[in-house]
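To start, the structure itself, in structure tokens.
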Amino acid sequence: MTTHPTEKRSRFDPEPIARRDFLGLAALGSMFAAFALSLLGMLKLPKAAVSASPAKKFNVTLPDTLADGEAFIPPGRNVAVFRDAQGVYAISTICTHLGCIVKTSAAGFDCPCHGSGFQKDGAVRKGPAPKPLPWLKVSLNGSVLTIDEESTVKSGTKV
Ligand code: FES
């Protein structure tokens, strides 16, 4: 239905849109839709699988009930902390063979991966581990211990 240009059109009978204008609007709409969907896709990207490792220097307080020579392993750490009459010390629980985490045992430490065994002071009891478990630097601030997993000390160093 065509109307004269001066004739007033009804709200229910809008002016027909030209094909060129329609195609332009459709292209613009498609562009905005693509942009919005790409933004949505970016927001839903999975988080990185790699998480930051915890600081290598950390504080720990030994439980009062810890017996002499009994290992205390702070949660989330690869360190065994001991207390005896001579002082406090920390031994890394990372196997010196290929880096598995050793478990404490009656004899000291045992590696579940290839069977290495370590004495309570970290010395190699049974191979294939080539070196003893390293002793870590411990500083004492009141009752709080600061353990530095990146600093080793001579075996037998207690604070
Ligand atoms: S990693 Fe411990 S024995 Fe191989």
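Atoms within a ligand are numbered from 1 in the order they appear, just like the ligands themselves. Keep in mind that what you see is a predicted model, and the values were worked out from it rather than measured.
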Subject >> Connected hydrophobic set around Val102, excluding itself, where side chains approach under 4.5 Å >> reply: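 Its cluster mates, by chain and number, are Phe82, Tyr89, Ile91, Phe109, Phe118, Val124, Leu133, Trp135, Val153.
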**OP:** May I ask you to check if any N/O/S atom from His114 comes under 2.8 Å of atom 2 (Fe) of ligand 1?
**Re:**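 False for His114.
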**OP:** Please state whether the separation between atom 2 (Fe) of ligand 1 and some N/O/S atom of Cys111 is under 2.8 Å?
**Re:**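 Under 2.8 Å: Cys111 contacts atom 2 (Fe) of ligand 1 through an N, O or S atom.
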**OP:** Starting from atom 4 (Fe) of ligand 1, look over the N/O/S atoms of His97 and name the nearest one.
**Re:**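 Going through the N, O and S atoms of His97 one by one, ND1 ends up nearest to atom 4 (Fe) of ligand 1.
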Subject >> Interfacing atoms of ligand 1 (cut-off 4.0 Å, heavy-atom, Cys100) >> reply: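 Counting atoms of ligand 1 from 1, those under 4.0 Å from Cys100 are 1 (S).
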Original post:
Quick one: which ligand 1 atoms are inside 4.0 Å of a heavy atom on Ser116?
Top reply: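 Taking each heavy atom of Ser116 in turn, ligand 1 has 3 (S) under 4.0 Å.
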**OP:** Tell me which protein heavy atom sits closest to atom 1 (S) of ligand 1, plus the residue, atom name and distance to 0.1 Å.
**Re:**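 Looking only at protein heavy atoms, the one closest to atom 1 (S) of ligand 1 is Leu98 N, 3.3 Å.
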**OP:** Inspect the surroundings of NZ in Lys158 and state if more than 12 heavy atoms from other residues, nucleotides or ligands are less than 6.0 Å away.
**Re:**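 Counting neighbours around NZ of Lys158, more than 12 heavy atoms of other residues, nucleotides or ligands fall under 6.0 Å, so yes.
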Original post:
Looking only at atom types and distance, does a side-chain atom of Ser38 sit under 3.5 Å from a main-chain N or O of Phe35, one as donor and one as acceptor?
Top reply: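 Checking the backbone N and O of Phe35 against the side chain of Ser38, a donor-acceptor pair under 3.5 Å is found.
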Original post:
Backbone N or O of Gly87 within a donor-acceptor pair of the Asp84 side chain at under 3.5 Å?
Top reply: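 Yes: the side chain of Asp84 pairs with the backbone of Gly87.
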Original post:
Near atom 4 (Fe) of ligand 1, is there an N/O/S atom from Cys95 that is less than 2.8 Å away?
Top reply: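 For Cys95, the answer is no, given that no N, O or S atom comes within less than 2.8 Å of atom 4 (Fe) of ligand 1.
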Original post:
Should the pair Arg77 and Phe58 be classed as cation-pi, given the thresholds of under 6.0 Å to the six-membered ring centre and 45° from the axis?
Top reply: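 Yes, a cation-pi geometry.
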Original post:
Any chance the side chains of Asn141 and Thr146 put a donor and an acceptor closer than 3.5 Å?
Top reply: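 Yes, side-chain donor-acceptor contact under 3.5 Å.
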